[in-house]
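Worksheet for the structure shown next.
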Amino acid sequence: MTSINNKNTVKLVDILKVIFENNKTNIISEETLLSLYYIFDQTIFASLEIIDKELITKYVFQPSNRYFYVVEGRKGSKYMCLIQGDYCSCPSFNFSVLLKSDSVYCKHQISSILAEIISNVKVVEFNDSEYQSQILSIESVSFKTPTHKQQHNNNNNNNNNNNNNNSNSNNNNNNNNSNNNNNNNNNSNNNNNSNNNKNRCVDNDKEKDNQ
């Protein structure tokens, strides 16, 4: 099997476009299938099964034209694929691609771009304002392994810690500002008292002169 290790220089889209250059129809030829198997090994069969079952939907957001693919999994799970961003929310991507580096792409990524090339993908359009909510919706039904969950919790904890640090920093700044204001007020009071004392002294001197 051909080894593809540099994800920064070899993109899934580029690989599949080269393979499909001689595939003139939407039907995958035997020669094309052999090429796919040579590169992706057994993963290609799982990807083709996803396409056959029509489990892929392309979410397109207007007017920016941003998009990502959503692949339906087992027991109601769904996974979000970013082809250009090299990301999938599935456990296999997290474990086999990111942690162990056994694979370059997961079956959901391969099937998504394959379905696009052979024009076998459903398209649903949304407004740009729904982009974040749709991502959260998909992530909420993505199956998570313990490692996936731990990584997600760590990210949340880091975000919470950052928010707490920012909050504490703001509180400290507010307290410092309050102390500075109090000091300014005290200085002002001291100045006023000093001026009052001076005025009393002047008045006393005038009284003595008059006497």
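If you're wondering where the values come from, they're calculated on a predicted model, not measured in any experiment. Computed over heavy atoms, backbone and side chain alike; hydrogens, waters and symmetry mates excluded.
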Just verifying a value: how many Å separate [X] [atom1] and [Y] [atom2], rounded to the nearest 0.5 Å?
X      : Y     : atom1 : atom2 : answer
Cys106 : Asn94 : SG    : CG    : 11.0 Å
Leu114 : Ile19 : CG    : CD1   : 8.0 Å
Lys122 : Lys58 : NZ    : NZ    : 14.5 Å

With Glu49 via side chain to side chain donor-acceptor pair (under 3.5 Å) - residues at least two apart: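 Side chain to side chain donor-acceptor pair (under 3.5 Å) check on Glu49 returns Lys53.
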So does [Y] get a backbone contact from the side chain of [X], meaning a donor-acceptor N/O pair under 3.5 Å?
X      : Y      : answer
Ser96  : Phe93  : no
Ser47  : Ile110 : no
Ser35  : Glu31  : yes
Ser137 : Ser133 : no
Ser111 : Lys107 : yes

Could you go step by step and tell me if Phe20 and Ile28 meet the side-chain contact (heavy atoms from CB on, under 4.5 Å) rule? CA-CA 9 Å; Phe20 276 83; Ile28 299 176; 4.1 Å; yes
Less than 4.5 Å apart, any side-chain heavy atom of [X] and any of [Y]?
X      : Y      : value
Leu82  : Tyr69  : no
Gln134 : Phe126 : yes
Tyr105 : Thr43  : no

Considering all heavy atoms, the nearest [X]-[Y] contact:
X      : Y     : result
Gly73  : Tyr79 : CA-CE1, 4.2 Å
Ile138 : Tyr59 : CD1-OH, 4.1 Å
Asn120 : Ile51 : ND2-CG2, 3.2 Å
Ser89  : Lys78 : OG-O, 4.2 Å

Treat each ILVMFWY residue as a node, draw an edge where side-chain heavy atoms are under 4.5 Å apart, and state whether Leu48 and Leu34 are in one component.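 No, no single cluster joins them.
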Please check if Leu136 and Val70 belong to a single hydrophobic cluster, counting links between Ile, Leu, Val, Met, Phe, Trp and Tyr side chain heavy atoms closer than 4.5 Å.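 Leu136 does not cluster with Val70.
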Once the angle between the rings of Tyr131 and Phe61 is folded into 0 to 90°, is it parallel (under 30°), tilted (30 to 60°) or perpendicular (over 60°)?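 Perpendicular: the ring planes of Tyr131 and Phe61 meet at over 60°.
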Parallel, tilted or perpendicular: which fits the ring planes of Tyr37 and Phe45, with parallel below 30° and perpendicular above 60°?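 Because their plane-to-plane angle lies in the 30° to 60° range, the rings of Tyr37 and Phe45 count as tilted.
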Could you walk me through whether Val141 and Ser77 pass the side-chain contact (heavy atoms from CB on, under 4.5 Å) test, one step at a time? CA-CA 5 Å; Val141 292; Ser77 61; 5.7 Å; no
